[in-house]
Amino acid sequence: MTTWTRNAIEALGPITDVRTTAAIFQVDPDTIYSQIRRNEWTTTRILRLGRKIRIPTRDLIAALYEPEFPAEPAVPSTRETPVNVQVTGVKPLSQCGCHLAPSPHHALKGA
């Protein structure tokens, strides 16, 4: 019986099979196969390669162990910005030397 340490899981390579995953979680492989068939397996991603099912070992490590490094602080999303943001300190076009191009719709009004 293998003792599944973090190093032992990493030594499996980038992916492993369902039987090894079952051994790591100490459950019967049929339990995992059944959950995969019923779309109930949410512990890891599932890679279907033809008839073969593979499990990313990185997902196993993430499910079983704390991350080695603390997570990066979240970047605020644009949804947190208030909708009614008032822009201040903007010069009118006449002061900066910019000119608006005539609109094609503007010419149709006089026609």
Side-chain angles (χ1 to χ4, degrees):
M1 180 177 207
T2 303
T3 303
W4 290 105
T5 62
R6 182 183 186 118
N7 289 339
I9 297 169
E10 288 174 348
L12 293 171
I15 58 174
T16 190
D17 60 10
V18 173
R19 292 200 176 279
T20 304
T21 301
I24 291 168
F25 284 105
Q26 298 177 354
V27 297
D28 188 86
D30 289 335
T31 302
I32 296 177
Y33 280 119
S34 296
Q35 287 183 348
I36 291 171
R37 254 192 316 275
R38 294 189 310 261
N39 292 322
E40 295 174 355
W41 180 259
T42 58
T43 307
T44 65
R45 291 173 292 165
I46 301 163
L47 305 176
R48 295 180 188 271
L49 306 170
R51 293 185 49 99
K52 297 180 187 240
I53 297 173
R54 295 293 182 249
I55 307 293
T57 53
R58 177 182 292 182
D59 291 3
L60 294 173
I61 293 166
L64 295 170
Y65 299 99
E66 294 289 325
E68 288 184 18
F69 304 104
E72 300 266 334
V75 176
S77 71
T78 56
R79 286 184 262 175
E80 294 174 7
T81 305
V83 176
N84 300 341
V85 176
Q86 182 177 358
V87 179
T88 59
V90 177
K91 295 179 182 179
L93 293 176
S94 60
Q95 289 182 2
C96 71
C98 300
H99 302 284
L100 286 175
S103 168
H105 299 292
H106 192 333
L108 294 176
K109 287 184 182 177

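- Thr20 places none of its side-chain heavy atoms less than 4.5 Å from the side chain of Phe25.
- You'll find the side chain of Ile36 reaches within 4.5 Å of the side chain of Val18, heavy atoms only.
- A heavy-atom distance below 4.5 Å is not found between the side chains of Thr16 and Ile9.
- Sorted by first and then second residue, the pairs that involve residues 33-42 and meet salt bridge (charged side-chain N to carboxylate O under 4.0 Å, His left out), not counting sequence neighbours, are Arg38-Glu40.
- Residues forming a side chain to side chain contact (heavy atoms under 4.5 Å, CB included) with Asp30 (at least two apart in sequence, or on another chain): Asp28, Tyr33.
- In this structure, CG on Asn7 lies 11.0 Å from CG on Leu12, to the nearest 0.5 angstrom.
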Compile the donor-acceptor pairs under 3.5 Å between side chains in residues 48-63 and protein atoms, sequence neighbours left out, one pair per line.
| unit_1 | atom_1 | unit_2 | atom_2 | d |
| --- | --- | --- | --- | --- |
| Thr57 | OG1 | Gly13 | O | 2.5 |
| Thr57 | OG1 | Pro14 | O | 3.2 |
| Asp59 | OD1 | Arg45 | NE | 3.4 |
| Asp59 | OD1 | Arg45 | NH2 | 3.0 |
| Asp59 | OD2 | Arg45 | N | 2.8 |
| Asp59 | OD2 | Arg45 | NE | 2.8 |

If you apply the rule side chain to side chain contact (heavy atoms under 4.5 Å, CB included), what do you find for Leu47 with Ile15, and how did you get there? CA-CA 9 Å; Leu47 305 176; Ile15 58 174; 3.7 Å; yes

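- Residues satisfying the side-chain hydrogen bond (donor to acceptor under 3.5 Å, both in side chains) criterion with Trp4, sequence neighbours excluded, are absent altogether.
- Pairs of residues two or more places apart, or lying in two chains, never qualify as salt bridge (charged side-chain N to carboxylate O under 4.0 Å, His left out) while including a residue from residues 13-26.
- In terms of heavy-atom proximity, Tyr65 sits nearest to Arg6 at OH-N, 3.0 Å.
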